[in-house]
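Each chain gets a letter, A, B and so on, in the order the sequences are listed, and its residues count up from 1.
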Amino acid sequence: MATRVHGRPLAYLDNAATTHRPRAVLDAMDGFSRTSNANVHRGVHRLSQVATDAFEAARETVRISIGASEAAEVVFTKGCTEAINLVAQSWGTANLREGDEVLLSTMEHHANIVPWQVVAKATGARIRPIPIHDDGTLDLSALDTMLGPKTRLVGIAHVSNSLGTINPVEEVARLARSAGAKVLVDGAQALAHLPVDVRALGVDFYAMSGHKMYGPMGVGGLYARRELLEEMPPYQTGGGMIRTVTFEETTYAGVPDRFEPGTPNVAGVIGWAAAFEFLAGLDRKAVQHHEDDLLALASELIGSQPGVHVLGPIPSSRAAVVSFVMDGIHPHDIGTVLDQEGVAIRAGHHCCMPLMARLGVSGTARASLALYNTGEEVHALAKGLARVREVMT
Amino acid sequence: MATRVHGRPLAYLDNAATTHRPRAVLDAMDGFSRTSNANVHRGVHRLSQVATDAFEAARETVRISIGASEAAEVVFTKGCTEAINLVAQSWGTANLREGDEVLLSTMEHHANIVPWQVVAKATGARIRPIPIHDDGTLDLSALDTMLGPKTRLVGIAHVSNSLGTINPVEEVARLARSAGAKVLVDGAQALAHLPVDVRALGVDFYAMSGHKMYGPMGVGGLYARRELLEEMPPYQTGGGMIRTVTFEETTYAGVPDRFEPGTPNVAGVIGWAAAFEFLAGLDRKAVQHHEDDLLALASELIGSQPGVHVLGPIPSSRAAVVSFVMDGIHPHDIGTVLDQEGVAIRAGHHCCMPLMARLGVSGTARASLALYNTGEEVHALAKGLARVREVMT
Amino acid sequence: MNDPLRDLYQEVILDHNRRPRNRREMPEATHSASGDNPLCGDCVTVYLLVENGKIVDASFVGLGCAISTASASILTEAVRGMTPAEAKAHFDRFHRGVMGREEDPRLGEAIALLGVREFPMRVKCATLAWHALEAALADSQKEKS
Amino acid sequence: MNDPLRDLYQEVILDHNRRPRNRREMPEATHSASGDNPLCGDCVTVYLLVENGKIVDASFVGLGCAISTASASILTEAVRGMTPAEAKAHFDRFHRGVMGREEDPRLGEAIALLGVREFPMRVKCATLAWHALEAALADSQKEKS
Ligand SMILES: Cc1ncc(COP(=O)(O)O)c(C=O)c1O
Ligand SMILES: Cc1ncc(COP(=O)(O)O)c(C=O)c1O
């Protein structure tokens with residue numbers, strides 16, 4: 001990326017919205033499209049077999065990367081939102097009953113709230129927000145109290161997109177499991193920053209997006225334990241996921257095919273696997289250090305400015321996100337001025353309106369960092385904030 | 001595509017499964033990914049605006065290409081299967097009642113059968129197959145008789161993927177409308193071959209796939225008349241499609257945003273629009289002539305061989321598909337031998353089991369042509385069939 | 001130096017943002033309507049008190065950025081004293097200004113808002129309150145004759 | 001000339017395909033099971049008649065390609081006279097043969113089926129009936145002692 005904006009080199013600090021893709025990912029997709037493009041699964045010819053092999057190899061790459069037991073536990077979707085919708089509609093509709101409870105943290109993204117509201121309305125289940133502390137960390141002891149025989153599922157972001165909070169997923173899963181509840185983790189923001197091992201975390205569902213971890217848009221996936229997938233009814237239906245169809249009756253294929261009707265985004269899946277491989281090929285410790293350094297620098301440079309307040313927990317409990325507000329200046333105006341300075345951040349509610357309400361703000365300005373960001377870019381952000389004050393006051 | 005298979009140049013005659021993408025499409029996607037990659041809609045910064053503009057310009061390109069009244073009538077999905085699922089779940093669940101009827105042609109793809117079975121089961125509606133003639137054309141007079149006050153929707157493929165039959169969609173829509181029923185057209189196979197004008201056709205819903213018309217996998221769309229979309233409840237839910245969210249209640253955005261939660265496949269949408277532009281830039285008449293010539297040649301060369309039977313209507317009522325069976329030789333074996341000869345076709349039920357049952361076959365061998373195919377490739381297919389007989393008897 | 005930010009954040013806008021005029025609820029309003037911007041979650045409600053065919057009072061409440069706050073503030077000052085028909089014409093004038101190149105001098109202070117034309121992402125901020133005004137004018141049920 | 005097609009479609013396979021042995025239903029079967037290949041819609045049912053611990057008859061019905069038909073035909077001939085345990089061992093032998101490089105001579109005519117190893121897309125065709133056999137052997141409820 002060497003894009004220039006408003007005549008300046010661009011400091012892209014909106015990586016929680018979407019990351020840029022390294023050449024390896026673009027090339028993997030391109031290579032597939034140019035040389036082995038074919039539909040998967042149903043072809044008897046060579047090219048289709050090549051495509052199918054590449055597609056299933058990508059599933060295996062994802063499996064290895066997240067520590068699932070078998071490739072069949074990885075269902076490809078178009079993104080994290082669809083993965084959560086799949087769980088809510090398929091697992092939720094089949095398992096939730098009148099009076100059952102779904103506990104969702106107050107910092108969830110709308111993608112992990114609204115699908116549950118829809119299924120709660122249809123089934124009579126109840127959604128209860130798990131409170132958070134003022135510093136934007138989960139109130140674990142409140143969760144402990146809320147868990148009970150009615151709890152069917154706990155939904156929690158691994159990393160908050162608004163604040164960067166890293167949630168204690170392992171602990172949440174342990175508590176939920178001992179209450180007999182399932183755990184769904186929204187991993188959209190985690191995979192770019194943390195190594196993830198779904199079995200070590202002990203979760204039942206883990207939802208993912210390709211484009212937030214250096215992969216392409218239009219692809220993502222759901223990890224679900226096989227025994228859950230086996231019992232779940234199909235979500236979408238169509239070709240490629242059936243065993244037999246007559247106008248009277250249809251029988252479905254096994255997992256994961258049952259959850260992947262239609263032509264999958266083969267190039268996207270291959271690109272996503274390439275992103276996992278890109279990350280695996282890096283020294284993850286070094287990457288994490290780099291991001292931690294940037295985060296500490298950004299938190300310091302931003303938080304020390306007059307009238308600026310950084311939200312969320314201390315940097316060591318946070319992935320590389322700095323969410324802040326400025327006295328008397330609306331986040332939108334911050335965003336516009338910074339944009340003119342060549343610094344791209346996000347301003348608004350970040351699809352987390354309940355969290356904003358809890359924090360008593362209408363929105364925040366959010367800088368979110370990726371492994372390719374630099375200290376210079378963070379300095380540009382800090383300098384930009386001085387310009388914000390100059391313009392706006 | 002200059003892929004060689006088994007040491008021979010590949011004759012790719014499986015275009016109904018997926019087409020290859022012209023350079024213009026790949027370059028459009030690549031260009032977006034490399035220079036203006038950003039998330040859409042929610043950003044205050046420049047790159048996000050560029051991405052949003054490109055995304056909405058693509059929507060406008062699709063609108064123009066299919067003759068919709070306004071861009072808001074085009075909802076992006078991950079493919080045709082998802083588009084039909086959206087209609088079945090959203091419109092179907094809201095509008096179908098016990099005893100209502102959904103009429104689907106016997107030649108529908110599973111993607112236009114199974115989603116309706118699911119919603120029929122949930123609502124008590126009934127699915128009735130519209131019969132076809134022995135030559136694989138729709139029995140219009142039977143449709144006329146079946147239409148009645150209970151009919152809510154007629155579902156029909158514009159072009160059959162198994163046989164190539166071009167259905168009289170305009171006439172079907174006219175009949176359905178006068179019976180007060182809605183019409184959903186599965187356009188997956190049509191857009192590569194025919195100019196489509198949804199208003200001239202008079203249809204209510206038109207479902208599309210990018211990858212079957214020289215666009216990328218992982219993207220497609222639904223055309224729906226605005227007044228229908230306005231009344232339809234959301235299908236999937238999440239970020240970007242809401243107005244406000246609290247844990248108690250959510251209000252949704254207008255159309256088409258309400259139907260597009262989550263991060264869309266922006267690069268895919270841009271590539272799909274480039275495919276529409278690629279087609280619009282061609283002399284469509286000349287393309288159609290070329291395909292008709294290939295189809296006539298293929299039908300003649302294949303149909304004249306001993307023991308070979310071409311299914312479906314006469315070539316003039318057919319898009320560029322030749323579906324055939326050979327006496328005593330299973331389609332799978334035909335496919336394998338042809339593959340060794342460097343000819344890629346498809347063998348099986350083509351996700352149309354009810355059609356296969358109607359035709360009294362377990363499957364067919366299907367060659368499906370695209371604008372880049374040549375007479376030589378058709379000759380290679382014909383020569384390959386001689387080899388099939390030689391090997392198999 | 002040509003500074004697009006100074007064109008957007010003109011002094012008159014910053015002033016209205018710092019000290020918004022008429023920011024209060026109006027229980028006695030004859031007309032009111034709310035609008036929101038789902039992209040940022042900002043929302044505004046515009047209140048009008050119409051008596052004897054004249055807008056005798058106008059106010060707003062809402063949370064928003066400098067542009068949307070200033071826009072609402074300027075608007076409430078401008079429409080006071082107008083007839084509803086004049087206010088509608090004023091809305092049309094503003095709308096034409098934002099969408100096109102036109103800068104009708106009758107827009108008064110609202111001309112300062114037209115700087116958003118260079119900032120497509122901010123156009124909705126400037127028009128939010130105006131659309132609420134238009135909706136409020138259409139909301140004539142409670143009008144006292 | 002090395003012709004992979006000839007390795008796949010060996011004469012013994014074409015012969016079994018042209019004249020399948022034991023293709024008939026068996027109402028008196030003690031064991032039976034069906035398998036299908038959702039990718040092509042092919043399906044096969046294998047029937048076994050076990051008496052006094054021996055498979056005294058074996059048959060199949062189904063529609064399929066040359067490979068799956070020949071495979072079912074060869075299988076029904078092979079298991080006749082075996083004990084269920086021997087048939088299971090025969091299945092294992094075949095399975096190992098298809099998955100690996102091994103060509104156990106005890107497989108007899110079934111060795112001809114191992115040509116599918118060069119045709120990954122056709123492996124399921126060759127194994128369809130064998131998986132049905134395995135399932136039938138597991139279906140011991142109706143077994144007469
Ligand atoms: C007629 C028809 N309808 C629907 C589909 C499904 O399209 P997609 O797989 O792109 O969702 C296909 C393609 O397989 C088709 O041929
Ligand atoms: C925490 C979180 N969950 C879910 C999502 C939705 O992901 P996607 O838009 O890729 O479906 C996002 C991204 O917006 C997110 O940040």
Side-chain angles (χ1 to χ4, degrees), chain A residues 3 5-6 14 17-18 20-21 26 30 33 35 37-39 42-47 78-79 81-82 85 109-111 113-115 117-118 127 129 211 216-219 236-239 242 244-247 250 261-263 265-268 332 335-336 339 344-348 351 353-354, chain B residues 3 5-6 14 17-18 20-21 26 30 33 35 37-39 42-47 78-79 81-82 85 109-111 113-115 117-118 127 129 211 216-219 236-239 242 244-247 250 261-263 265-268 332 335-336 339 344-348 351 353-354:
Chain A
T3 300
V5 166
H6 306 299
D14 192 18
T18 199
H20 296 308
R21 294 174 241 325
L26 296 175
D30 226 49
S33 291
T35 66
N37 175 64
N39 211 322
R42 274 158 288 174
V44 71
H45 60 78
R46 189 77 207 157
L47 208 56
K78 67 177 172 180
T81 300
E82 180 168 69
N85 273 268
H109 187 281
H110 296 163
I113 299 175
V114 189
Q117 290 179 327
V118 171
I127 292 173
H211 72 101
M217 288 177 176
V219 69
Q236 296 189 343
T237 54
I242 55 87
T244 59
V245 175
T246 66
F247 271 100
T250 290
T263 304
N265 184 355
V266 187
H332 239 181
T336 293
D339 180 48
I345 63 147
R346 189 142 296 231
C351 293
M353 285 189 178
Chain B
T3 300
V5 167
H6 305 300
D14 192 18
T18 199
H20 296 307
R21 296 175 241 322
L26 295 175
D30 225 49
S33 290
T35 66
N37 175 65
N39 210 323
R42 275 156 287 174
V44 71
H45 59 78
R46 188 78 205 156
L47 208 55
K78 66 176 171 179
T81 300
E82 180 168 69
N85 275 269
H109 187 281
H110 296 162
I113 298 176
V114 189
Q117 290 180 327
V118 172
I127 291 174
H211 72 101
M217 287 175 176
V219 69
Q236 296 188 342
T237 54
I242 56 91
T244 58
V245 175
T246 66
F247 272 100
T250 290
T263 303
N265 183 354
V266 187
H332 238 178
T336 293
D339 180 47
I345 63 149
R346 189 142 294 231
C351 293
M353 286 192 180

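- In this structure, the side chains of B:D14 and A:N39 stay at 4.5 Å or more apart for every pair of heavy atoms.
- Both the backbone and the side chain of A:Q236 come within contact range of chain B, with heavy atoms under 4.5 Å apart.
- Both the backbone and the side chain of A:T336 come within contact range of chain B, each with at least one heavy atom under 4.5 Å from a heavy atom of that chain.
- Of the atoms belonging to A:V266, heavy atoms from both backbone and side chain fall under 4.5 Å from chain B.
- Shown here are the side chain to side chain donor-acceptor pair (under 3.5 Å) partners of B:H110, two or more places apart in sequence or in another chain: there are none.
- Top candidate by heavy-atom pairs under 4.5 Å with chain B, chosen from A:I345, A:T237, A:V114, A:T250, is A:T237.
- For B:V118, the part lying near chain A is the side chain, with the backbone staying farther off; criterion is any non-hydrogen pair under 4.5 Å.
- Taking B:A267, B:G268, B:P129 one by one and counting their heavy-atom pairs under 4.5 Å with chain A, the maximum is reached by B:P129.
- Across all non-hydrogen atoms, the minimal contact from B:G239 to A:C351 is CA-SG, 3.8 Å.
- At least one side-chain heavy atom of A:M353 sits less than 4.5 Å from a side-chain heavy atom of B:T244.
- Taking 4.5 Å as the limit, every side-chain heavy atom of B:V44 sits out of range of all side-chain heavy atoms of A:D339.
- In terms of heavy atoms, B:M217 sits closest to A:A38 at CE-O, 3.3 Å.
- Between the CD atom of B:E82 and the NZ atom of A:K78 there is a distance of 3.5 Å, given to the nearest 0.5 Å.
- Between A:Q117 and B:T246, the shortest heavy-atom distance links the atoms NE2-O, 2.7 Å.
- A:T18 is listed as a side-chain neighbour of B:N37, based on a closest heavy-atom distance under 4.5 Å.
- The heavy-atom pair separating A:H45 from B:A344 by the smallest distance is CG-CB, 3.5 Å.
- For B:T81, the side-chain contact (heavy atoms from CB on, under 4.5 Å) criterion is met by A:P261, B:N85, B:A111, not counting sequence neighbours.
- The minimum heavy-atom distance linking A:R21 with B:S33 is given by the pair NE-OG, 4.5 Å.
- For chain A, the option among B:V219, B:I113, B:D30 with the highest count of heavy-atom pairs below 4.5 Å is B:I113.
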